[in-house]
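Remarks on the structure that follows.
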Amino acid sequence: MKKINQLYEGKAKKVFTTEDKDVLIVSYKDSATAFNGEKKGIIAGKGEINNRMSNYLFQVLEKKGVPTHYVKELSGRETAVKRVEIVPLEVIVRNIAAGSFSKRLGIAEGTVLAEPTIEFSYKNDALGDPFINDSYAKALGLATEQEIETIKKYAFKVNEVLKSMFLNANLKLIDFKIEFGRFHGDIILADEISPDTCRLWDVNTNEKLDKDRFRRDLGNVEEAYQEVFRRIFGKK
Ligand code: TMP
Ligand code: ASP
């Protein structure tokens with residue numbers, strides 16, 4: 001499998017076409033952004049950690065019945081994935097209050113929710129990914145009712161699988177963001193799952209081991225990514 005043309009460069013990944021029209025190659029970068037690109041930096045080694053971790057998690061999820069775009073890991077930073085049409089929704093599942101949820105609702109970070117909850121943002125950088133609901137998503141033609149039902153079902157399944165897997169690695173899954181795509185008419189999990197897209201806290205100390213260390217200038221950013229990687233792969 002070889003890269004042919006660069007299709008797109010995003011904030012954390014580059015995407016290339018291949019000789020197979022149904023397959024793309026993603027190449028993970030060390031660049032990091034926050035607050036819709038306002039804050040920029042480099043997290044050394046992040047590309048390789050996110051690539052390997054995301055690929056491992058996607059394979060675990062496939063076995064548990066969640067279809068994903070994963071095809072094959074090609075190198076430390078590069079992976080072949082199914083070429084999907086991305087559904088322009090950021091799908092966020094939360095177990096414990098944090099981040100924008102805490103801010104919007106005035107609930108202390110760390111408050112355990114009575115049950116996992118789901119929300120959608122419209123993927124649109126120019127608008128800063130605004131919060132929307134199912135009705136907006138349908139009215140704007142972003143997804144059909146059936147697609148939204150499938151997305152919700154898979155998102156909660158991803159939560160159950162990852163929550164217990166991370167717990168085995170002594171990590172609490174606070175919340176995460178996932179994205180889905182359409183592949184030959186089916187909804188499948190796409191993009192990535194990594195410390196860029198999850199909040200992960202140490203079970204005993206509640207130490208933050210995710211991108212909030214970068215967003216909030218907490219220091220030891222690289223070390224946090226490495227620690228998550230060690231814990232996941234140490235337990236594999
Ligand atoms: P939030 O509390 O800032 O809304 O973030 C919820 C989760 O989504 C958190 O795990 C971080 C992740 N996230 C992304 O992956 N990309 C984003 O652009 C944002 C804002 C959050
Ligand atoms: N989507 C944010 C950005 O664009 C990244 C984040 O906060 O995770 O910079």
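Note that ligands are numbered from 1 as they come in the structure, with each ligand's atoms numbered from 1 the same way.
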Checklist line | ligand 1: protein residues within heavy-atom distance under 4.0 Å | finding: Glu90, Ile92, Arg94, Ala98, Gly99, Ser100, Asp175, Phe176, Lys177, Asp196, Thr197, Cys198, Arg199, Arg215

Check: Once you round to the nearest 0.5 Å, how far does NZ of Lys208 lie from CZ of Arg216?
Finding: 5.5 Å

Next item on the list: Hey, could you give me the CG/CG distance between Leu24 and Asn5, rounded to the nearest 0.5 Å?
Entry: 11.5 Å

Check: Does atom NZ of Lys39 have more than 12 heavy-atom neighbours from other groups under 6.0 Å away?
Finding: yes

Check: For Lys11, does the NZ atom have more than 12 heavy-atom neighbours from other residues, nucleotides or ligands under 6.0 Å away?
Finding: yes

Check: Would you say the side-chain atoms of Asp202 pair up with the backbone N or O of Glu207, donor to acceptor, closer than 3.5 Å?
Finding: no

Check: Hey, does Thr33 come in under 3.5 Å of ligand 2, counting only N/O atoms on both sides?
Finding: yes

Margin query: Checking contacts here: is it the side chain or the backbone of Lys211 that comes within 4.0 Å of ligand 2, counting heavy atoms only? Could be both or neither.
Written below: side chain

Check: So with a 6.0 Å cut-off around OH of Tyr136, is the heavy-atom count from everything else above 12?
Finding: no

Item checked: Per-atom contacts of ligand 2 with Lys11, taking only distances under 4.0 Å to non-hydrogen atoms -> 1 (N), 3 (C), 4 (O)

Notebook entry, point to check: Would you say Arg215 has any N or O atom under 3.5 Å from an N or O of ligand 2, going by distance alone?
Noted result: yes

Notebook entry, point to check: In the protein, what heavy atom is nearest to atom 2 (C) of ligand 2, and what distance, to one decimal place, separates them?
Noted result: Asn36 N, 3.9 Å

Next item on the list: Evaluate the side-chain proximity of Leu7 to Arg83: yes if any heavy-atom separation is below 4.5 Å, no if none is.
Entry: yes

Next item on the list: Check Leu61, Asn55, Asn50 against Ile193 for a side chain to side chain contact (heavy atoms under 4.5 Å, CB included) and give me the one that passes.
Entry: Leu61

Next item on the list: Check each heavy atom of Glu38 against ligand 2 and say whether those closer than 4.0 Å belong to the side chain, the backbone, both or neither.
Entry: neither

Notebook entry, point to check: For the atom pair CD (Gln146) and CD1 (Ile187), what is the distance rounded to the nearest 0.5 Å?
Noted result: 9.5 Å

